[in-house]
Each structure stands twice: as C-alpha cells, then as structure tokens.
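Order of the sequence lines sets the chain letters (A, B, ...), proteins ahead of strands, with each chain counted from 1.
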There are 2 protein chains.
Amino acid sequence: MKSTNTRSQILDTAQELIQRRGANAMSYADISEKVGIRKASIHYYFPSKEDLIINLLDRYNEQFCQLVDQIMASSESSATKLNRYSSLFVATLSSGDQDKACLCGILSAELKTLNPTVVDRITQFYRDNENYIEEILNSGIKSGEFSFAGTPRTMAKLIFSLLEGDLLVARAEGGVSRIQATIEQMMALIKS
Amino acid sequence: MKSTNTRSQILDTAQELIQRRGANAMSYADISEKVGIRKASIHYYFPSKEDLIINLLDRYNEQFCQLVDQIMASSESSATKLNRYSSLFVATLSSGDQDKACLCGILSAELKTLNPTVVDRITQFYRDNENYIEEILNSGIKSGEFSFAGTPRTMAKLIFSLLEGDLLVARAEGGVSRIQATIEQMMALIKS
DNA sequence: GTCTATATAGAGATAGAC
DNA sequence: GTCTATCTCTATATAGAC
C-alpha cells in the first residue's frame, strides 16, 4: 500500500498528519522528516500548502468514491450496503494508532481558516456521500428492508453527520467500539 | 452579555476565536487586537496558552451544564426537554456570523495536539452531556413519549455525536436550517 | 496591571547550486 | 529532482520599566 514515488509519499504523509492533528498543526517540516527529503523539495511538488491540500482532497474524494462505488455496484442487500459503507468510517479509526478521523471531518473544524477553493472540495465530499446514503436508503425502502419517519434525504444527512461526528468524538471517548455500537444503533432505528 | 473585566474579555474573545477557527489558528495576537491590550498583558492572566484553554474549558463546561440543568429542572415533557437541549447547539451556530461550532467539537478535531489536562476536560464534557441526554430519554420512555430500539445509553451517545457532527458539517453545507432539520428528524425517530 | 522590548522557535516560501 | 542557505513573518513566552 506504501507509495513508491516521492509525490505520492508526500501526499500519503500529509494526509495521515492532517487526519491525526489537523491542517494547521501539520507542517512541511513534519512531512520532510517522515518522507526523508528536505522542505524545499516538497515545494517543488506543491508550491504552496494550499496546493498540497487541494491535491490531497481531490485524491481523497476520488479514492473514497471508488470504494463506495464498489459497494453500490454489489448485489447485496441495502442493509449490508449501508453497513459496509459505515465500516469505511470504522476502518479509518481502526487503522494505525487508532487516532485518525475522516480527512474532511477534521477540516470541517478548521473550515473558517481555509480558502474557498478548499472549502468547495469539502462541500463536494459531503454532497457525494449524502447522495450515496440516500440512494441506499431509497433502495432499502423499496425492498422493504428499511422503514422510518421523515424523508430519505434528511435521514441521509443525519447519518452522514452522525458518522463524521462519532468518528471525532470516539477518539476522545470510546474508540472503535463506540463507533461500532453507534452504527449498530443507527441500523436498528431504520430497520423495518 | 459583554464582560467588563479584562480577564473575562480575554476568555470571551479566545472562546469565540476557537469556536470559529480552532485552537491552533487562534493566537495571543488575535486576542490582543480584539480586546485592545498588548500580548504581554494576556500572559499576566494566563501564563501559557494551555492555561488559557484549561480555564476556558472549565468555564464553558460550567456554563453549559448550568443551561442544561435549567432545562432538566423544568416541568416540561421529555420531548420538549430534548428539543430545548438540542436548541443549545442550534443557538451556537445561529449566533453572530453563523460560523461558530461547539467549543469541544472543534477541539475534538485538534485532540491529538492537546495535552492530557485539556483532553480530560473535553472527555468530561462528553460524559456530562451523554448523561443528560440519557436521563431525558429514560424519563421519556417512562412517560410513554419515546420508544426506540436499543438502549437509552447507546441512543444518548448517538444523539450527542449527531449534534456535534451536524454542527460542524452545517457550517460547510446547510447552515442553521440543516441542523434544525436534523434535530426534527432525530426527534421523529424516537417518538412513540 | 499594562506597557516596551526582546528572546527563541517555528512557520511557509524562494533563490540558486548541483 | 534535491539540496543548502536564507528570507520574512508569526508564534509563545519572558524581563523589566512604569
């Protein structure tokens, strides 16, 4: 899974650092140390920190959507799909030292320190994910698996906010088992 | 509502800045400018940034618990209590330029850059709030207002994560009306 | 209590050699 | 492409005058 070329290694390292500590606590010096190159070399690939973060988000959105598309394309039940989708968030916290949150969740907290170009990418990530969830909910209602008050659209937004929030809260209290319990509870609320 | 003494003004300003931009993007220079004193004067009240944040959190937790205690002490229905509790989160985003999130929600994202003394306060805030919500859910079940799958404890954690997450997400997409819709949807899920 | 002045460290970024 | 060297700015923090 480790990248071989320098550019990808920089992105990998930056992403991990932001998911742990946030964009404002991540520096070129940190990346430099972990990748084993000098700060100036990073500027060769990404002239400004803004460039770096934009490229990071574009890659992240693409990778994430690819994973979700695989789930959507499967012939499993809607409940299984929603469970597998939610597991992507569990996987983020489970990996490494169990201290990473969603990249876009972290950046949400720092939103007002980011420029519009970056904010656009974050908003796009939200929209994409809410659309995916809504699609799963709709097919689950049609198949008779799901039943709940309100619209699938509002419920999709609720589920997305829940997963993002729980991932952040779980780092301070409860860890992986907390987010697993939260997902189980959420599934119970919408099942027929 | 504006504080008169310097110490409180510093705390007010620091809190607002953190709720907007995060702790790592908040500086003594920012506070200095807004309060109208020199950076060195802030160090007189709070020798280190850590001191400042700890005092901030202690005050915040106390103020927040006081507001919730008022709600808990009222003779209203459980549904009304939960609605009023949730409205505290709406109020945060509604105030000022509609760009503030929960203090502890913001700090959750920066959690791994904070020292244990600060993390303790954040965890305490979570625990207190989850206990309050659980209490409301229990009384609502007893009165026949609420009915849902799973335990009140797990449901309380879900609701807390949801409110924290939605407050962060809403700043990028949906604003005040989003969080209002989310709360309405959440209430619909637990009503009998 | 608040100020000026300063110390020290770190940030993002650029120039130019190799 | 990667390096050394350096610039500029900002950060937290302290000393000491008033």
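Here the side chain of B:Lys39 is nearest to one of C:dA11, D:dT14, D:dA13, namely D:dA13. Taking only side-chain atoms of B:Ala40, from C-beta outward, the nucleotide of C:dA5, C:dA11, D:dA5 with the closest atom is C:dA5.
Atom C1' of nucleotide D:dT10 and atom CG of A:Asn24 are separated by 13 Å, given to the nearest angstrom. One atom, CZ of B:Arg7, and another, P of C:dT2, lie 13 Å apart when rounded to the nearest Å. What separates CZ of B:Arg38 from P of C:dA5 is a distance of 10 Å, to the nearest Å. With rounding to whole Å, B:Ile10 atom CD1 is found 11 Å from C:dG1 atom P. In this structure, A:Met26 atom CE and C:dG12 atom P are separated by 7 Å, rounded to whole Å. D:dA11 atom P lies 10 Å from atom CD of B:Glu33, rounded to whole Å. In this structure, CG of A:Leu17 is placed 11 Å from P of C:dA11, rounded to the nearest angstrom. Atom pair A:Lys49:NZ and D:dC9:C1' shows a separation of 14 Å (rounding to whole Å applied).
At a cut-off of 3.5 Å, with distance as the only test, a side-chain donor of A:Arg178 or B:Ser161 sits close to an acceptor on the other residue.
Across all strands, B:Tyr44 comes closer than 4.0 Å to base atoms (heavy-atom distances). Residue-level contact check: B:Ser27 touches the backbone only, with heavy atoms under 4.0 Å from sugar-phosphate atoms and none from bases.
Within the structure, a side-chain polar atom (N or O) of B:Thr6 is placed less than 4.0 Å from OP1 or OP2 of C:dT2. Under 4.0 angstrom from either OP1 or OP2 of C:dG1 there lies no side-chain N or O belonging to B:Ser41. OP1 and OP2 of D:dT10 both lie 4.0 Å or more from every side-chain N or O belonging to B:Tyr28.
Screening B:Leu56, B:Asp58, B:Leu57 for a side chain to side chain contact (heavy atoms under 4.5 Å, CB included) with B:Ile54, the sole residue that qualifies is B:Asp58.
Of the possible donor and acceptor atoms, none in the side chain of B:Asp166 sits under 3.5 Å from a partner among the backbone N and O of B:Leu162.
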Start with the C-alpha gap between A:Ser41 and A:Val35, add the side-chain angles, then the distance that decides, and say whether side-chain contact (heavy atoms from CB on, under 4.5 Å) holds. CA-CA 11 Å; A:Ser41 306; A:Val35 176; over 6 Å; no
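Ion pairing between A:Lys157 and A:Glu130 holds under the 4.0 Å rule for side-chain N and carboxylate O.
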